[in-house]
Amino acid sequence: MSPWVRIRPALFILALLGIWHFAVVSQQNRILPTPWETVTGIIELMQRGLLIKYIVASLFRVTWGFVGAALLAIPLGLAVGWFRRTEMAFNPLIQILRPISPLAWIPISILWFGVGDVAAIYLIFLASFLPLMMTGINAVGGIPQVYINAGRNFGLSGARLVIRVLYPAVVPQLIIGLRITLGIAWLVVVAAEMIAVNSGLGFLIVDARNAGNRYDLVVAGMVMIGMIGLMLDTLMRSLEKSRALRWGYSED
Amino acid sequence: MTLSQPGKWEKYFWPVLTAGIFLVFWHYAVIASKSNVFPGPWKVLGGAQELMRKGVLIGYIRDSLSRVGVGYGLAMLLGVPFGLTLGWYPAASQVVNPVIQMMRPISPLAWIPVAIVLFGVGNTSAVFLIFLASFFPIVVASMNGVRNVPSMYRRAGRNFGLSPGKLLAKVVFPAALPQIIVGLRIALGIAWLVVVAAEMLAVDSGLGYLVIDARNSGNRYDLVIAAMIMIGVIGLALDLIFRRLEQIKSIRWGFRLEA
Amino acid sequence: MTEEKVKTPAAKAVKTKLRATGINKTFKRDGTETSVLENVELEVAQGEFLCLLGPSGCGKSTLLNICAGFLSPTTGTVTIDGEPVTGPDPRRIFVFQERGVFPWLTVEGNIAFGLAKLSKAEQAERIAHYIKMVGLQGFEKAYPQELSGGMKQRLEVARALAVNPDMLFLDEPFGALDSITRLIMRGELLRIWEAERKTIIFVTHDIEEAVQLADRVVVMSARPATIQTIVEIDIEHPRDISSPRYLELRDGIFNEIGLAHKI
Ligand SMILES: Nc1ncnc2c1ncn2[C@@H]1O[C@H](COP(=O)(O)OP(=O)(O)OP(=O)(O)O)[C@@H](O)[C@H]1O
Ligand SMILES: [Mg+2]
C-alpha cells in the first residue's frame with residue numbers, strides 16, 4: 001500500500017470533522033459542540049476521574065449480561081437446532097419475541113428486578129439471548145450432511161461425534177454470532193443505563209443532557225461508545241483470524 | 001439421528017403446543033407469584049380488547065408503521081445507491097468504511113438528544129432516528145453485496161463486451177441483489193426494533209408510546225404486554241412479507257443455502 | 001503365464017459380500033413423489049471390483065448411499081456378509097461425491113481421523129504412507145481450503161484407505177482430477193485392490209474408466225433407474241486398452257447406452 005492509500009481514510013475523517021466544526025460554528029444559537037469542544041469534554045471527564053469509571057461500569061454490565069446469555073442461549077440453541085421438531089416448535093416464538101425492542105422490556109425489568117444494576121444487566125441479557133439462540137440453531141442446522149455422514153462412517157456417534165465433527169463444524173459460525181451479538185449488547189447499554197443507574201456511558205449521555213444541557217459531554221459519550229464498540233468488534237474479528245478457525249470464513 | 005421426516009401437520013402442531021405450554025406456564029406462574037401488578041395472559045387479552053374498543057389500537061399501529069415506513073423508505077432510497085457506489089469503487093469504501101464502523105455501535109437512543117436539537121421534539125425526530133438506525137445496515141449490505149460478487153462473473157460479463165454501466169446493471173447488481181435483499185430485510189427488522197426508542201421522543205401515539213405510557217400512567221402492565229405482543233406480531237409479519245420477496249424465482253438463486 | 005487365462009469373478013466358489021434385493025426408492029418433493037430406483041437387484045462378490053455406470057441424475061449416488069447405510073430404501077433390503085445394513089460402519093468407507101474432507105482439519109488431521117485407536121507412532125507411519133501414495137507430500141500441515149479440487153479428492157481417498165476398510169464405496173472419486181492424475185490414481189487403486197482384495201463399488205459415468213477398472217460394469221438406465229445390463233469385463237490386469245477385447249467391451253457398452261462411438 002502506498003502511504004497515500006493509507007492516509008486517505010484519515011483525511012476523510014479530518015474533512016468530516018471540518019464540516020462538523022463549521023456547521024456548528026455557523027449556527028446562531030449554538031447548542032451542539034464542535035469537535036474540539038467534544039475533545040475538551042472528554043478531557044474534562046478524564047480529569048474528574050469519571051471517564052474510566054463510566055467505561056468500566058458499562059463494560060461490567062455488558063459482560064455480565066452477554067456472558068450470561070451466551071452460557072444459556074448457545075447450548076439451548078444447539079440442542080433445539082439439532083432436532084427438526086424442536087426447531088419447528090421454538091421458531092415462531094423466537095420470531096415474535098425478536099422484534100420487541102429491549103427498551104420495551106424496561107417496564108418489566110424494573111418490575112422484576114427493581115431499579116438498578118440487576119435490571120440493566122437483565123436488559124442486556126435479554127437483548128443478547130435471542131440472537132445467540134438463533135446463532136446456535138442456525139449453526140447446527142447449517143452443518144453439511146456430508147460431514148456428519150463421514151463422521152458416522154468412521155464409527156463415531158454420540159459424544160464423540162459431537163466433539164470431533166459437530167463442534168468443530170459449528171465453532172466458526174458461533175464466533176461470528178458472538179461478535180454480532182456483542183455489538184448488539186453494546187448497542188443496548190445506553191437503553192439499559194437509562195434505568196436509573198448512576199454510572200456508565202449511557203447514563204452519561206442521558207445525565208449530561210438532563211442536568212444542564214452539557215451537549216459537549218453528550219457527544220463525548222457518543223464518541224466513547226463508538227470507539228469502544230469498534231474496539232470490541234476488532235477484538236472479536238481477530239479471533240476469527242486464528243488459523244485453525246479460518247476455514248469457516250473463507251473468501252465468501 | 002435418522003428420525004422420520006416431519007409430516008405437514010407437525011409444522012403447525014409443535015408451535016401450537018409450545019405456545020400452549022408457554023401460556024399455561026405464564027398463567028400459573030402469575031397465580032403462584034401472587035403478583036397483582038404483573039398480568040396473566042387473560043388480563044393481557046382483556047387489555048388488548050380494551051384498546052380495540054377505545055379505537056386507539058389501530059391508530060397506534062398505523063402511526064408506528066407510517067413512521068417506520070418513512071424513515072426506512074428514506075434509508076433505502078439513499079442507502080442502496082450509496083452502498084452500491086462504495087462497493088463499486090474500493091477506494092471509496094476504504095475511505096468511508098472506518099467512519100461507518102464507528103457510527104454503527106452508537107445506539108439510536110444516544111442520538112435522541114442530537115435529534116431533538118436538530119429537529120425539535122416530535123415526529124420528525126422520531127423518523128430521523130428510524131432512518132439513522134436502518135441507513136447504516138443497508139449501506140453495509142449493499143456495499144458487501146457488490147464486493148462479494150465473484151470476480152468470475154465480472155470477468156464473464158467483460159468477456160461478453162459489456163460496458164462498465166451495463167456490467168453494473170446486468171451482472172453486478174443482479175448478482176448482488178440476493179445479499180442486498182437480505183440486508184434490507186434485516187434493516188427493516190432494526191427499523192421496527194427502534195420504533196420504541198423513537199416513540200419515547202414525546203410523540204403521543206404509536207405502539208412504542210403505548211408501552212412507555214401504559215406504565216407511566218398507572219402501571220397498566222396488561223397494556224404494556226399487549227403492546228409488546230403487537231410489536232412482536234407485526235415485526236414477524238413484516239419479516240414474512242420480505243421473505244416472500246426472497247422467494248421470487250429470479251432472485252431466489254442466492255438463497256438456496258439459507259435455512 | 002498362459003495367454004488365455006480368464007478370470008471369472010462370478011464363479012460359484014466366490015462368497016457373496018453384498019446383496020441388494022428388491023430395492024425401490026422414492027423421494028417426496030413439493031408433495032409429488034419421484035421414483036428414483038425401481039426394483040434393483042445386485043450381488044457383489046467378496047473382493048470384486050464393481051462399477052456402477054449410468055447417466056447423470058439416474059440414481060447412482062442414491063443406490064450407493066443405500067448400500068452404505070446412509071439412506072434407507074423405500075422397500076427392499078441390503079445385506080453385507082449376510083447381515084442387514086442398518087447404518088454406516090467403519091469397516092466400509094464411503095468417499096463422497098460432494099467432498100467430505102473436513103475443512104477444520106489439516107491434511108494430516110483428515111487422514112488421522114479414522115485412526116484414533118492406533119498409537120501415535122503407527123498413526124504417523126500410516127499418515128506418511130498414504131500422503132506419499134496420493135502425492136500430497138509437503139502439504140501435511142495445509143488446510144483443505146489451501147488445496148486444489150483434485151488434491152482434496154486424493155485426500156479423501158487417502159483418508160478412506162488409511163483405516164484399511166474391507167469395503168470401499170467410491171462415488172465418482174476421480175471426477176475432479178486431470179486426466180493424468182486420474183490415470184495414476186486408477187493405477188494406485190487397482191494396485192491396492194489387487195494387493196488387499198477389498199470389495200469396491202465404484203460409481204462413474206465414464207465408460208472408459210469403468211471398463212479399465214471393473215470386474216463387472218453395472219449399466220443403469222435413466223431415471224427411474226433399473227439395472228439395464230451387467231457387463232463382465234473378462235480381461236486380465238494390467239489391461240491393454242488397445243486390445244480388441246477391450247475395445248469390443250467398451251463399444252458394447254456405448255451401444256448399450258445408445259451411443260455410437262463415433263464423433
Ligand atoms: N434428497 C433428495 N430429495 C429429492 N430428490 C433427490 C434427493 N436425492 C436425490 N434426488 C433425486 O434423485 C435422482 C438421482 O440422484 P443421484 O444423486 O442418485 O444421481 P446420480 O446418478 O448420482 O447423478 P450424478 O452422476 O450427477 O451424480 C436425481 O434426479 C435427484 O434429483
Ligand atoms: Mg452422484
Side-chain angles (χ1 to χ4, degrees), chain A residues 5 8-9 11-13 16 31-32 83-86 88-93 95-108 110-112 138 141-142 148 152 157 183 186-191 194 202 205-206 208-209 215 218-219 221-223 225-230 232-233 252, chain B residues 1 3 5-6 10-11 13-15 17-19 22 35 37-38 91 94-99 101-114 117-118 148 189 192-197 200 208 211-212 214-215 219 221 224-225 227-229 231-236 238-239 257 259:
Chain A
V5 171
R8 253 184 338 205
L11 288 181
F12 179 69
I13 291 175
L16 283 186
I31 306 176
L32 291 177
F83 302 102
R84 279 288 293 135
R85 289 178 175 81
T86 46
M88 283 172 147
F90 278 89
N91 199 32
L93 196 64
Q95 299 304 336
I96 289 181
L97 289 176
R98 212 162 55 137
I100 301 175
S101 162
L103 273 181
W105 287 96
I106 288 183
I108 292 182
I110 293 178
L111 182 67
W112 283 350
N138 291 335
I148 299 173
R152 289 170 65 215
S157 61
W186 186 246
L187 203 62
V188 170
V189 79
V190 180
M194 289 173 56
I205 290 174
V206 178
R209 173 168 177 272
Y215 270 90
V218 170
V219 179
M222 287 170 69
V223 170
I225 288 178
M227 289 200 329
I228 291 172
L230 189 60
L232 292 177
D233 196 74
D252 56 11
Chain B
M1 232 303 287
L3 294 174
Q5 197 63 23
E10 291 184 75
K11 205 170 132 192
F13 174 75
W14 296 109
L17 184 72
T18 332
F22 177 75
S35 164
V37 190
F38 196 82
Q94 187 230 353
V95 165
V96 178
N97 208 20
V99 179
Q101 296 307 332
M102 241 189 82
M103 306 280 265
R104 274 218 297 193
I106 302 176
S107 162
L109 272 181
W111 285 97
I112 288 185
V114 178
V117 173
L118 292 176
N148 293 345
W192 186 246
L193 201 63
V194 170
V195 81
V196 180
M200 288 173 57
V211 171
I212 307 298
R215 171 170 180 270
N219 269 353
Y221 274 89
V224 170
I225 292 176
M228 285 170 70
I229 292 174
I231 292 175
V233 170
I234 292 172
L236 177 62
L238 292 176
D239 197 72
L257 296 175

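Given the structure is predicted, the values throughout are model-derived calculations rather than measurements. Proteins get letters first, then strands, A, B, ... in listed order; numbering begins at 1 in each.
- In terms of heavy-atom pairs under 4.5 Å with chain A, the best-connected choice from B/V99, B/I106, B/I234, B/I231 is B/I106.
- With a threshold of 4.5 angstrom between heavy atoms, B/V196 approaches chain A through its backbone and through its side chain.
- Of the two parts of B/A227, neither the backbone nor the side chain holds a non-hydrogen atom closer than 4.5 Å to a non-hydrogen atom of chain A.
- For the options A/I225, A/L230, A/V218, A/I100, heavy-atom pairs under 4.5 Å to chain B are most numerous at A/I100.
- Note on A/R98, A/Q95, A/M88: by heavy-atom pairs under 4.5 Å with chain B, the leading option is A/M88.
- For B/L238, no part lies near chain A; criterion is any non-hydrogen pair under 4.5 Å.
- The CE atom of B/M102 sits 10.0 Å away from the CE atom of A/M222 when rounded to the nearest 0.5 Å.
- Of all the heavy atoms in B/G232 and A/P99, the pair that sits closest is O-CG, 3.5 Å.
- Looking at A/R209, the atoms closer than 4.5 Å to chain B (heavy atoms on both sides) all sit in the side chain, from C-beta outward.
- Taking A/P107, A/G229, A/P102, A/S101 one by one and counting their heavy-atom pairs under 4.5 Å with chain B, the maximum is reached by A/P107.
- Inter-residue side-chain proximity for A/I106 and B/R215 is flagged as unmet; no heavy-atom pair is nearer than 4.5 Å.
- Residue B/L17 does not touch chain A at all, counting heavy-atom pairs closer than 4.5 Å.
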**Request:** Carefully, step by step, assess A/R85 and B/F13 under the rule side-chain contact (heavy atoms from CB on, under 4.5 Å).
**Result:** CA-CA 10 Å; A/R85 289 178 175 81; B/F13 174 75; over 6 Å; no
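- No other option in B/V233, B/I229, B/I212, B/L193 has as many heavy-atom pairs under 4.5 Å with chain A as B/L193.
- Between chain B and the options A/V219, A/L32, A/L93, A/V188, heavy-atom pairs under 4.5 Å are most frequent for A/L32.
- Considering every non-hydrogen atom in both B/V114 and A/Y215, the closest pair reads N-CE2, 4.4 Å.
- The CZ atom of A/F83 sits 12.5 Å away from atom CZ of A/F90, with the distance rounded to the nearest 0.5 Å.
- Between B/Q94 and A/F12 there is no side-chain heavy-atom pair separated by less than 4.5 Å.
- Comparing B/T18, B/V117, B/V95 by heavy-atom pairs within less than 4.5 Å of chain A, the highest count is held by B/V95.
- The parts of B/F38 that come within reach of chain A are both its backbone and its side chain, each placing non-hydrogen atoms under 4.5 angstrom from that chain.
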**Item:** Stepwise side-chain contact (heavy atoms from CB on, under 4.5 Å) check, A/L97 with A/W105
**Value:** CA-CA 11 Å; A/L97 289 176; A/W105 287 96; 4.3 Å; yes
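- Across B/A19, B/A91, B/A214, B/G208, the residue that shares the most heavy-atom pairs under 4.5 angstrom with chain A is B/A91.
- At a 4.5 Å heavy-atom cutoff, the contact between B/M228 and chain A is made by backbone and side-chain atoms alike.
- Both the backbone and the side chain of B/A197 come within less than 4.5 Å of a heavy atom in chain A.
- Counting heavy-atom pairs under 4.5 Å between each of A/T86, A/I228, A/I108 and chain B puts A/I108 at the top.
- Heavy atoms closer than 4.5 Å to chain A are found nowhere in B/V195, neither backbone nor side chain.
- Looking at B/I225, the atoms closer than 4.5 Å to chain A (heavy atoms on both sides) all sit in the side chain, from C-beta outward.
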